[in-house]
Amino acid sequence: MSKFLKFIVHFVVICTILCVVALAVPPFFGVTTEIRDDSTVKSNLAMGSVTYAIPEKSSAISVGTPILVQKDSKTYKYTITDLDASKGTGTVTNQSVSGGKTLTIKVGDYVPKVVITIGYVGYLLVATESIEGLIILGLVVLLSLIHISEPTRLDVI
């Protein structure tokens with residue numbers, strides 16, 4: 001039983017470290033990180049998801065490429081259906097809705113191309129926004145450290 005509990009504790013600690021690194025490190029390398037942590041903000045990104053996008057030249061973007069679009073200080077994930085880099089305009093559509101309407105956007109020299117969207121990692125950030133969430137995260141880390149540092153006991157018969 002002890003080996004199973006140690007496995008769970010190590011798994012939780014490793015997952016926590018990976019999630020924190022996944023949230024903190026990418027912006028230092030120029031990757032746009034869009035974390036959906038507020039359910040009151042309208043967006044087509046899933047609640048609790050983290051979307052990573054890299055800037056790509058507009059001339060290198062092709063039709064069918066998912067991009068992030070800022071509209072009314074909200075971020076949406078759209079797919080390019082038509083792009084005219086010379087005029088600086090493009091047409092995008094929401095692929096998550098069948099028969100979604102198209103939208104014309106302004107395109108600069110670079111476009112944030114979506115690389116990956118990871119679900120549920122953003123909930124870690126949501127947990128840090130309340131006192132209760134911070135307490136729970138702190139207790140999990142504290143109990144994990146106590147359990148890891150507990151010396152192994154040998155039973156003598």
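Position 1 is the first residue of the sequence, and the numbers go up from there.
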Membership question, hydrophobic clusters at under 4.5 Å side-chain separation (ILVMFWY): are [Y] and [X] in the same one?
| X | Y | value |
| --- | --- | --- |
| L125 | I116 | yes |
| L23 | I118 | yes |
| V50 | V115 | yes |
| V111 | Y76 | yes |
| I105 | L45 | no |

Looking at [atom1] of [X] and [atom2] of [Y], how far apart are the two atoms once the value is rounded to the nearest 0.5 Å?
| X | Y | atom1 | atom2 | answer |
| --- | --- | --- | --- | --- |
| I80 | T65 | CD1 | OG1 | 5.5 Å |
| N44 | Y78 | CG | OH | 6.0 Å |
| I136 | S130 | CD1 | OG | 7.5 Å |
| T32 | K113 | OG1 | NZ | 13.5 Å |
| E56 | I67 | CD | CD1 | 11.5 Å |
| T40 | K42 | OG1 | NZ | 10.5 Å |

Note to self: Set out, in order, the CA-CA distance, both residues' side-chain angles and the distance that settles side-chain contact (heavy atoms from CB on, under 4.5 Å) for L124 and V20, then state yes or no.
What the structure shows: CA-CA 8 Å; L124 184 65; V20 169; 4.1 Å; yes
Check: Under the side chain to side chain donor-acceptor pair (under 3.5 Å) test, which residues partner S58, sequence neighbours left out?
Finding: none
Check [X] against [Y] and note the closest heavy-atom contact, atom names and distance.
| X | Y | answer |
| --- | --- | --- |
| M47 | D38 | CE-N, 3.9 Å |
| V107 | T89 | CG2-C, 3.8 Å |
| I35 | G122 | CG2-CA, 4.0 Å |
| S43 | R36 | CB-NE, 3.6 Å |
| K87 | D84 | CD-OD2, 3.0 Å |
| S49 | A46 | OG-O, 2.6 Å |

Next item on the list: Check whether any side-chain heavy atom of L68 lies under 4.5 Å from a side-chain heavy atom of V114, and answer yes or no.
Entry: yes
Check: Do T117 and K77 come close enough that some side-chain heavy atom pair is under 4.5 Å?
Finding: yes
Check: Is it true that atom CG of L139 has more than 12 heavy atoms of other residues, nucleotides or ligands lying nearer than 6.0 Å?
Finding: yes
